[in-house]
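Order of the sequence lines fixes the chain letters, A, B, ..., with proteins taken first and strands second; residue numbering starts at 1 for each chain. All of these numbers come straight from a predicted model, not from anything done at the bench.
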Number of protein chains: 2
Amino acid sequence: MGTTDAEWGGIWEVLGCKWTFHILRFLSTRPAQFNQIKNAIEGLPASTLSTRLKSLREENLVSRSVADSTPPTVTYALTEKGEELAEIIARIEELERRYE
Amino acid sequence: MGTTDAEWGGIWEVLGCKWTFHILRFLSTRPAQFNQIKNAIEGLPASTLSTRLKSLREENLVSRSVADSTPPTVTYALTEKGEELAEIIARIEELERRYE
DNA sequence: CCGTATCCCCTAGGATACTG
DNA sequence: CAGTATCCTAGGGGATACGG
């Protein structure tokens with residue numbers, strides 16, 4: 001109890017977290033590897049990225065795939081649901097710009 | 001420092017807070033008084049509503065008006081910006097419903 | 001009726017260091 | 001390269017109580 005009130009959860013839980021919208025926005029431009037995301041977003045700690053990606057995957061917003069190359073390459077990408085959310089997020093940013 | 005990284009703030013700061021989207025959704029149906037909001041949203045403490053309304057007003061998402069009736073009536077309503085945000089929020093809820 | 005003040009606990013998340 | 005583990009502290013937010 002406490003965090004899991006009715007209707008608080010799902011997307012909202014992760015959307016409210018710091019760095020989430022940066023990560024989604026970056027991944028909306030292209031799939032990327034862990035350190036590519038980390039280096040692209042200034043100030044984002046690896047530990048936070050790690051937990052955030054986990055949450056995003058649990059919400060089916062981000063997918064993780066491992067290519068069996070040498071060395072194996074891990075790639076994160078938006079799912080279809082994630083793409084749609086990213087578009088909505090872009091509208092919020094546009095809204096903020098318009099009223100600033 | 002800490003909370004005020006570049007581009008973290010504004011709408012995102014308050015949007016991530018618990019109860020925010022409940023409040024916005026309720027106000028999107030009609031303007032309301034403090035206790036009407038409080039009573040409509042189960043579990044929402046008055047102290048939290050108080051601070052949340054303050055943040056929402058600072059972001060120009062919610063307006064507060066006092067009618068000089070007897071007794072004076074205080075009414076909260078969405079601003080135009082707030083209405084637009086509420087619409088976007090509705091799209092997120094619709095997105096979640098579609099993929100659940 | 002309309003809030004704000006205070007206390008207190010609990011978790012998010014930053015720093016750092018370390019592993020496969 | 002791709003993470004996880006640990007530690008620490010700042011602040012969110014619930015309970016309660018009180019003022020206008």
For B:E94, look at atom CD and say whether over 12 heavy atoms of other residues, nucleotides or ligands are found less than 6.0 Å away.
yes

Does B:W19 make a side-chain N or O approach to OP1 or OP2 of D:dG12 shorter than 4.0 Å?
no

d(CG, B:L15; C1', D:dG12) in whole Å
16 Å

Whether B:T29 side chain and B:R25 backbone form a donor-acceptor pair below 3.5 Å
no

Side chain B:E96, main chain A:I11, donor-acceptor under 3.5 Å:
yes

Hey, does the side chain of B:R52 come within less than 4.0 Å of D:dG12's phosphate (OP1/OP2), counting only N and O?
no

Can you figure out which of C:dG14, D:dG14, D:dA2 approaches the side chain of A:T48 most closely?
C:dG14

Could you give the NZ-to-C1' distance, from B:K38 to D:dG14, as a whole number of Å?
12 Å

Check whether any side-chain N or O of A:Y76 sits under 4.0 Å from OP1 or OP2 of D:dC1, and answer yes or no.
no

Closest-nucleotide mapping onto DNA chain D: is B:C17 or A:Q33 further toward the 5' terminus? I mean the 5' end.
A:Q33

For nucleotides 15-17 of chain D, print each protein N/O atom paired with a nucleotide N/O atom at under 3.5 Å, atom names and distance only.
| residue | atom | partner | partner atom | Å |
| --- | --- | --- | --- | --- |
| D:dA15 | N6 | B:S47 | OG | 3.2 |

Kindly point out which of C:dG14, D:dG13, D:dG3 is positioned nearest to the side chain of A:K18?
C:dG14

note: A:K54, atom NZ; C:dG13, atom P; distance rounded to Å ~ 15 Å

Roughly, in whole Å, what's the span from CD in A:E42 to C1' in C:dG14?
15 Å

Reading 5' to 3' and counting Watson-Crick or G-U wobble pairs with both distances under 3.5 Å, write the dot-bracket notation for DNA chain D, | for bases paired outside the strand.
||||||||||||||||||.|

Only pairs under 3.5 Å count here: list side-chain donor-acceptor contacts from residues 56-66 of chain B, not counting sequence neighbours, and write none if there are none.
| residue | atom | partner | partner atom | Å |
| --- | --- | --- | --- | --- |
| B:S63 | OG | B:A77 | O | 3.4 |
| B:R64 | NH1 | B:Y76 | OH | 3.4 |

Do any N or O atoms from the side chain of A:T20 and from the backbone of A:V14 form a donor-acceptor pair under 3.5 angstrom?
yes

Whole angstrom value for the distance that separates C1' of D:dG3 from CG of A:N39
14 Å

Calculate the interatomic distance between B:L49 atom CG and C:dC1 atom P; express it in whole Å.
14 Å

C:dG3 P sits how many Å from B:N35 CG, rounded?
8 Å

Just compare D:dG14, C:dC1, C:dG3 and give me whichever is closest to any side-chain atom of B:R64.
C:dG3

Without swapping roles, check the side chain of B:R98 against the backbone of A:K81 for a donor-acceptor pair under 3.5 Å.
no

Could you tell me whether B:Q33 atom CD has more than 12 heavy atoms of other residues or ligands within 6.0 Å of it?
yes

Between atom CD1 in B:I23 and atom P in C:dG3, what is the gap in whole Å?
13 Å

